[in-house]
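Here is the structure we will look at, set down as structure tokens.
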Amino acid sequence: MVNGECHNAWRAFDPKSAFSIESHIRPHWSQTGAVVFVTFRTKDSIPADVIHRWHREKLEWLRSKGISCDGDLETAVSSLLEKDRNAFHKHFRRAREIFLDTCHGRCLLRRTDLAKIVADSLLHFDGDRYNMGDFVVMPNHVHLLAVFFEEQQMRKQFDSWLHWTARQINLAICESGHFWQEEPFDHLVRSPEQYEYLRAYIANNPKKAGLKDGEYFYRRYQE
């Protein structure tokens, strides 16, 4: 990205241009041509007790700002001042990423053949439905940067990636059932500086997690 623009028409999120927000378990922000950072994780990567603890901590965090949450958490978070809302998301996003790097669960994507299933899926429609940037397949999660050509395409592509790779991985390990946690996390990149930060984050993720060569799959987008 140079001067707010990426090669191949990649750019940072522009709040003055049209964008869409879809909600299911969590909101998904999308904007045609804007770079999005996506994280999806295996179902067993974060134990239920940790999820419950984070939920309690989120409620306590909100109460410290004078906001009670008797219903939808996202609604309560949206009522925060922008600086507090950003701080909230930054704090709990960091907690999630740090925990993922401790490699909980079976970490099946440590297997080269299974990681390649994911990598091949991410690249299958590259240049057709989206432009795929840097990505890393870690033992229990995936980080990627991408640009979608249509606002509504992002959510559909998430579902396609998760369903296809889960089916292929289950066939490879002779199992069935859910492989991924439902609803990936996504974040529209706000600036050239954040874009470069996230590229470095993806590149350094295996080292931070103490992984050896062959225990992850890293792809760097060649601009």
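Heavy-atom basis, side chains included; hydrogens, waters and symmetry copies ignored. One is the number of the first residue; the rest follow in order along the sequence.
- Two residues are said to be in side-chain contact when any heavy atoms from C-beta on lie closer than 4.5 Å; W61 and F92 meet this criterion.
- Between the side chain of R110 and the backbone N or O of G214 there is no donor-acceptor pair closer than 3.5 Å.
- A distance of 9.0 Å separates CZ of F135 from CG of D126, quoted to the nearest 0.5 Å.
- Side-chain contact annotation: E97 with H143, donor-acceptor N/O pair under 3.5 Å present.
- Each of D113, T112, D120 was checked for a side-chain hydrogen bond (donor to acceptor under 3.5 Å, both in side chains) with K116, and the lone residue meeting it is D120.
- A donor-acceptor pair is defined here as one N or O able to donate and one able to accept, closer than 3.5 Å; no such pair exists between the side chain of R155 and the backbone of Q153.
- Checked by atom type and distance alone, the side chain of D84 never pairs as donor or acceptor with a backbone atom of L80 at under 3.5 Å.
- Using a 4.5 Å heavy-atom threshold, the side chains of P139 and L108 count as separate.
- Here the CG-OG1 distance, from L122 to T165, works out to 8.0 Å after rounding to the nearest 0.5 Å.
- Side-chain polar atoms of N205 and D101 form a donor-acceptor pair below 3.5 angstrom.
- You'll find the side chain of Y201 reaches within 4.5 Å of the side chain of K208, heavy atoms only.
- Residues W164 and I173 are members of separate hydrophobic clusters, defined by side-chain heavy-atom contacts under 4.5 angstrom among Ile, Leu, Val, Met, Phe, Trp and Tyr.
- Residue W54 places its CH2 atom among more than 12 non-hydrogen atoms of other residues, nucleotides or ligands, all under 6.0 Å distant.
- Side-chain atoms of L171 and R167, non-hydrogen and from C-beta on, do get closer than 4.5 Å to each other.
- Taking the six-membered ring where the residue is Trp, the centroids of F40 and H141 are separated by 6.0 Å or more.
- For H124, the NE2 atom sits in a loose shell: 12 or fewer heavy atoms of surrounding residues, nucleotides or ligands are nearer than 6.0 Å.
- No donor-acceptor distance shorter than 3.5 angstrom exists from the side chain of H55 to the backbone of I51, with no hydrogens or angles considered.
- V147 is not listed as a side-chain neighbour of V36, based on a closest heavy-atom distance of 4.5 Å or more.
- Of the possible polar contacts, none joining the H91 side chain to the A87 backbone as a donor-acceptor pair under 3.5 Å is found.
- Rounding to the nearest 0.5 angstrom, the gap separating the OG1 atom in T42 from the CD1 atom in I169 is 9.5 Å.
- Taking CH2 of W180 as the start and OG of S45 as the end, the distance is 9.0 Å to the nearest 0.5 Å.
- For the pair L145 and Y221, the minimum side-chain heavy-atom distance is 4.5 Å or more.
- Using a 4.5 Å heavy-atom threshold, the side chains of R41 and L100 count as touching.
- F125 and V137 fall within the same hydrophobic cluster, defined by Ile, Leu, Val, Met, Phe, Trp and Tyr side-chain heavy atoms under 4.5 Å apart, directly or through other members.
- For the pair R129 and F149, the cation-pi criterion (under 6.0 Å, within 45° of the ring axis) is not fulfilled.
- Taking CZ of F158 as the reference point, atom CG of D186 lies at 4.5 Å (rounded to 0.5 Å).
- Heavy atoms of other residues, nucleotides or ligands lying less than 6.0 angstrom from CD of E175 number more than 12.
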*Just do the side chain to side chain donor-acceptor pair (under 3.5 Å) check on H187 and Q194 with the steps written out, would you?*
CA-CA 11 Å; H187 171 76; Q194 188 178 56; 3.2 Å; yes

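- Listed for the D134 side chain is no donor-acceptor partner under 3.5 Å among the backbone atoms of L144.
- When side chains are defined from C-beta on, M138 does not count as touching L109, because their heavy atoms never get closer than 4.5 Å.
- W161 has its ring centre less than 6.0 Å from the ring centre of Y130.
- Note: H104 NE2 to I46 CD1 = 9.0 Å, rounded to the nearest 0.5 Å.
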